[in-house]
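Below is one structure; the comments refer to it alone.
Scope of the values below: all heavy atoms of this structure, side chains included, with no hydrogens, waters or symmetry mates. The shown structure was predicted, so the numbers you read here are calculated from the model rather than taken from an experiment.
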Amino acid sequence: MATAAPSAASRIAVVTGASSGIGAATARQLAAAGYRVVLTARRKDRIEALAEEIDAAGHAATAYPLDVTDRAAVDEFASAFTTVGVLVNNAGGALGADPVATGDPADWRTMYETNVIGTLNLTQALLPKLDASGDGTVVVVSSTAGHGTYEGGAGYVAAKHGSHVLAETLRLEIVGRPVRVIEVAPGMVRTDEFALTRFGGDRDRAAKVYEGVAEPLTADDVAETITWAVTRPSHVNIDLLVVRPRAQASNTKVHRETQ
């Protein structure tokens, strides 16, 4: 994959939710593309281990434990930077699959806080640093759930619609400034934790999400897509990139092999 080397002023890339899955894979790939990656997540041990792995591979990484929903902590984190080249807003996730009539408001609130307010917090705090780089990029990792609904997913769908609209509106508001806004919306991605977290640790229920699907997307597939979009020439903005496995035609139509 041909990539443009980051300039000296824009070589720092902050990745949220970097402790596993898409976030960890994106950190590895951006580091390999020449960025000094700053890994943020709540799980300190995970991001420290990943930073050591990236450093051992000959790249540069720093771990910074952070809860993206804690605005004071986010502001303190942002104060350490003069410039930032890339912000990948990846922290998020889904909880439950209950219908609207019985959904848990606490789950809805948590999903909104993480997927939308967390993205807002990091974007607001780092936007001046992205501007200062002269060549900044904001990436919002949303979901196909942000572009179409499905039964049993309203809480997550609502949150991801929020992150989609945040990205779309920000792009309108900062046009003319040296910052791109990219939205990457993955469909079915099989990672170690997404479905397991959604279903409260129920491994059987989590496995059924991918049952019969020969090749769901992997975290590396999505990370490569993000890295490709970020490393386009500065004048090229990938506004919205929807990426699904071949077996998934929509949120509600998936080809499953019969056993």
Side-chain angles (χ1 to χ4, degrees), residues 12-32 35-57 59-81 84 86-96 104 106-123 125-126 139-143 155-156 159-160 163 184 186 189-203 205-207 209 217-223 226-227:
I12 297 173
V14 174
V15 182
T16 71
S19 58
S20 66
I22 293 170
T26 299
R28 291 186 184 99
Q29 293 201 25
L30 286 176
Y35 290 90
R36 178 164 73 83
V37 293
V38 180
L39 317 172
T40 74
R42 289 175 295 179
R43 293 181 290 186
K44 181 173 181 286
D45 57 334
R46 292 283 194 96
I47 55 173
E48 286 181 344
L50 179 56
E52 290 176 6
E53 174 197 319
I54 290 171
D55 287 341
H59 309 305
T62 303
Y64 192 104
L66 183 66
D67 178 351
V68 297
T69 68
D70 183 339
R71 185 53 187 259
V74 168
D75 287 341
E76 182 179 356
F77 165 71
S79 70
F81 300 95
V84 170
V86 177
L87 166 61
V88 180
N89 286 298
N90 169 73
L95 294 173
D104 186 341
D107 285 347
W108 281 54
R109 187 173 293 109
T110 297
M111 286 187 282
Y112 190 84
E113 287 284 339
T114 306
N115 290 283
V116 183
I117 302 302
T119 296
L120 177 67
N121 284 342
L122 265 294
T123 301
L126 290 178
V139 178
V140 175
V141 182
S142 63
S143 167
Y156 182 59
K160 286 303 188 182
S163 61
V184 176
V189 185
R190 185 166 197 164
T191 64
D192 292 337
E193 297 187 348
F194 179 83
L196 196 62
T197 299
R198 182 170 203 168
F199 297 120
D202 186 332
R203 293 189 177 278
R205 195 175 179 192
V209 173
L217 296 178
T218 67
D220 283 333
D221 292 330
V222 180
I226 293 167
T227 302

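Residue Gln29 forms a side-chain contact (heavy atoms from CB on, under 4.5 Å) with just one option from Val37, Ile226, Asp220, and that option is Asp220. Evaluated for a side-chain hydrogen bond (donor to acceptor under 3.5 Å, both in side chains) with Ser19, the options Lys44, Arg43, Arg46 yield exactly one hit, Arg43.
The CG atom of Asp67 sits 7.5 Å away from atom OG1 of Thr114, with the distance rounded to the nearest 0.5 Å. In this structure, OG1 on Thr62 lies 10.0 Å from CD1 on Ile47, to the nearest 0.5 angstrom. To the nearest 0.5 Å, the span separating CZ on Arg190 from OG1 on Thr218 amounts to 12.0 Å.
Ser143 is linked by a side-chain contact (heavy atoms from CB on, under 4.5 Å) to Ala145, Tyr156, Lys160, counting only residues two or more places apart in sequence or in another chain. Glu113 is linked by a salt bridge (charged side-chain N to carboxylate O under 4.0 Å, His left out) to nothing, counting only residues two or more places apart in sequence or in another chain.
The local environment of CZ in Arg71 is crowded, with over 12 non-hydrogen atoms from other residues, nucleotides or ligands closer than 6.0 Å. Other residues, nucleotides and ligands place no more than 12 heavy atoms under 6.0 Å from the OH atom of Tyr112.
Closest heavy-atom contact between Ala51 and Leu39: N-CD1, 3.5 Å.
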Check residues 86-94 and write down every donor-acceptor pair under 3.5 Å in which the side-chain atom is one partner and the other belongs to a residue at least two apart or another chain.
from	atom 1	to	atom 2	distance (Å)
Asn89	ND2	Thr123	OG1	3.1
Asn90	ND2	Thr16	O	3.2
Asn90	ND2	Gly17	O	3.1

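Between the Ser163 side chain and the Ser142 main chain, no donor and acceptor come within less than 3.5 Å of each other.
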